[in-house]
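Here is the structure we will look at.
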Amino acid sequence: MEKLIITAAICGAEVTKEHNSAVPYTVDEMVREAKSAFEAGAAVIHVHVREDDGTPTQDRERFRVVLDSIKEACPGVILIPSTGGATGMTPEERLQPTELFPEMATLDCGTCNFGDDIFVNDMPTMRAFGKRMMENNIKPEYECFEIGHLDTVLNMAKKGLVPGDPMQINFVLGVNGCTPATVGHLDYMVKLLPPGATWTVTGVGRGAWPMVAAGIVMGGNVRVGFEDNIYLERGHKAASNGELVEKVVTLAKLLGREIANPDEARAILSLKK
Ligand code: KMH
Ligand code: ZN
């Protein structure tokens, strides 16, 4: 099995300090949380940005400052800025981080219920995002919240509408209204992947730790972080993203998977830079 790539989604757009006081908003807090995750073993940081008061934003200049500051604090780390942002944002707003030419960015693969909201990723939006990623030489991480999202993006790749081989898919399972975080659903989707594709699993809420275990033993990669889950275990909130990553490292060791550093992760993900 390849080494395990750990992604830390340190911030998200939905979780707040009311849920866990360690959720980062300011640039300094973002750096603190990224550093804690990186030093614990995360090779990849998935980045959303906020205003200092916690309001989610896709502002290009806020992204520039946060990405540059994390790069400085975490040498070599792979950054995946979000083009999902928060529900209700326009495609133009969401695309702003792609103007900074990151080596990777998320590309969300279909419209879905998202708790009480609707996360809109219709076909014109997805085609525009695919075109931008190809123009700006950005490798997408395809976010699939639903089985149909995977089918959609695989068809788009066949038609050359989004970057193709090798694809990196993140199965985000357990969002309210989307595919649940079960080993059965994950296994079904992994079996649909084309040869050469890489994958990560993200379990949301109580699905987080079972999906980490599944990702480790199934030979995929895993994502943890406050965006998805704020608990180390039932009733025990994590003090930092680093604590969540440390738990992944412990589980991986127990189960016999080594951890990929950023250079090894770049090779596994076929990143050019
Ligand atoms: N905040 C969600 C509505 C992404 O980063 O691309 C979308 C999201 C996906 O978090
Ligand atoms: Zn995200």
Side-chain angles (χ1 to χ4, degrees), residues 6-16 19 23-25 30 33-34 37 42 44-51 54-59 62-63 66-67 70 78-98 100 102-122 125-126 128-130 132-133 138-146 149-150 152-153 162-163 167-179 181 199-205 207-208 211 221-230 241 244:
I6 304 173
T7 297
I10 59 174
C11 168
E14 290 80 25
V15 70
T16 68
H19 301 111
V23 171
Y25 298 164
M30 289 292 291
E33 287 304 307
V44 180
I45 309 284
H46 170 52
V47 182
H48 287 251
V49 296
R50 313 276 188 108
E51 304 290 356
T55 309
T57 174
Q58 287 292 104
D59 179 67
R62 185 68 164 187
F63 262 107
V66 169
L67 295 176
I70 294 177
I78 299 168
L79 296 174
I80 308 188
S82 173
T83 68
T87 56
M89 289 177 171
T90 64
E92 294 70 30
E93 248 181 304
R94 286 167 47 187
L95 273 172
Q96 289 179 75
T98 64
L100 301 171
E103 64 186 315
M104 294 185 77
T106 61
L107 195 160
D108 295 279
C109 297
T111 298
C112 51
N113 285 323
F114 208 90
D116 286 352
D117 300 322
I118 299 174
F119 185 32
V120 178
N121 296 285
D122 56 17
T125 300
M126 289 183 64
F129 282 38
R132 172 67 62 85
M133 304 251 181
I138 300 166
K139 180 176 173 116
E141 177 175 81
Y142 295 106
E143 311 296 306
C144 293
F145 299 84
E146 284 282 4
H149 292 181
L150 178 61
T152 302
V153 78
V162 294
M167 298 171 82
Q168 158 61 14
I169 313 284
N170 180 20
F171 299 111
V172 185
L173 304 181
V175 169
N176 272 337
C178 300
T179 300
W199 62 274
T200 297
V201 64
T202 300
V204 174
M211 290 301 100
N221 302 295
V222 300
R223 181 175 106 176
V224 291
F226 289 153
E227 174 164 350
D228 312 310
N229 163 52
I230 56 170
N241 278 277
L244 297 170

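Bear in mind that the values here come from a model prediction, so they are computed numbers and not experimental data. In listed order, ligands and their atoms are each counted from 1.
- With hydrogens left out, the protein atom closest to atom 3 (C) of ligand 1 is E14 OE2, 3.4 Å, a heavy atom.
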- Task: Kindly indicate, with the supporting measurements, whether the criterion ring-ring contact (aromatic ring centres under 6.0 Å, His included) is fulfilled by F171 and F145.
- Result: CA-CA 6 Å; F171 299 111; F145 299 84; over 10 Å; no
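- For the 3.5 Å distance criterion, the side chains of E93 and Q58 fail to qualify, holding no donor opposite an acceptor.
- Heavy atoms of G12 come nearer than 4.0 angstrom to ligand 1 in no pair at all.
- The number of heavy-atom neighbours closer than 6.0 Å to CG of N176, taken from other residues, nucleotides and ligands shown, is 12 or below.
- For ligand 1 and G84, the ligand atoms under 4.0 Å from any heavy atom of the residue are 4 (C), 6 (O).
- A 4.5 Å side-chain heavy-atom check between P163 and K139 finds every atom pair outside the cut-off.
- Heavy-atom proximity to D108, at under 4.0 Å, picks out these atoms of ligand 1: 4 (C), 6 (O), 9 (C).
- Considering only heavy atoms from C-beta on, V23 stays 4.5 Å or farther from T16 through its side chain.
- Ligand 1 has an N or O atom lying under 3.5 Å from an N or O atom of E227, backbone or side chain.
- Here the rule is side chain to side chain donor-acceptor pair (under 3.5 Å) with N170, and of T200, T7, T202 only T202 fits it.
- Checking E143 against the Zn ion (ligand 2), every N/O/S atom stays at or beyond the 2.8 Å cut-off.
- The protein heavy-atom contact nearest to atom 7 (C) of ligand 1 is F119 CZ, 3.5 Å.
- At least one N or O atom of H48 sits closer than 3.5 Å to an N or O atom of ligand 1.
- Proximity to T106 (heavy-atom distance under 4.0 Å) selects the following atoms of ligand 1: 4 (C), 5 (O), 6 (O).
- Computed with the Zn ion (ligand 2) at the centre, the H46 NE2 to E227 OE2 angle is 120°, stated to 10 degrees.
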- Show the numbers, then the answer: is there a side-chain contact (heavy atoms from CB on, under 4.5 Å) between I70 and V47? CA-CA 10 Å; I70 294 177; V47 182; 4.2 Å; yes
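- At under 3.5 Å, a nitrogen or oxygen of G85, whether backbone or side chain, sits near a nitrogen or oxygen of ligand 1.
- Screening R94, H149, E143 for a side chain to side chain donor-acceptor pair (under 3.5 Å) involving N121 leaves a single residue, R94.
- Of all atoms in ligand 1, listed by their number and element, those nearer than 4.0 Å to a heavy atom of S82 are 4 (C), 5 (O), 6 (O).
- Between T179 and E146, the side chains place a donor N or O and an acceptor N or O closer than 3.5 Å (distance only, hydrogens not considered).
- Among the atoms of H46, some N or O lies under 3.5 angstrom from an N or O of ligand 1.
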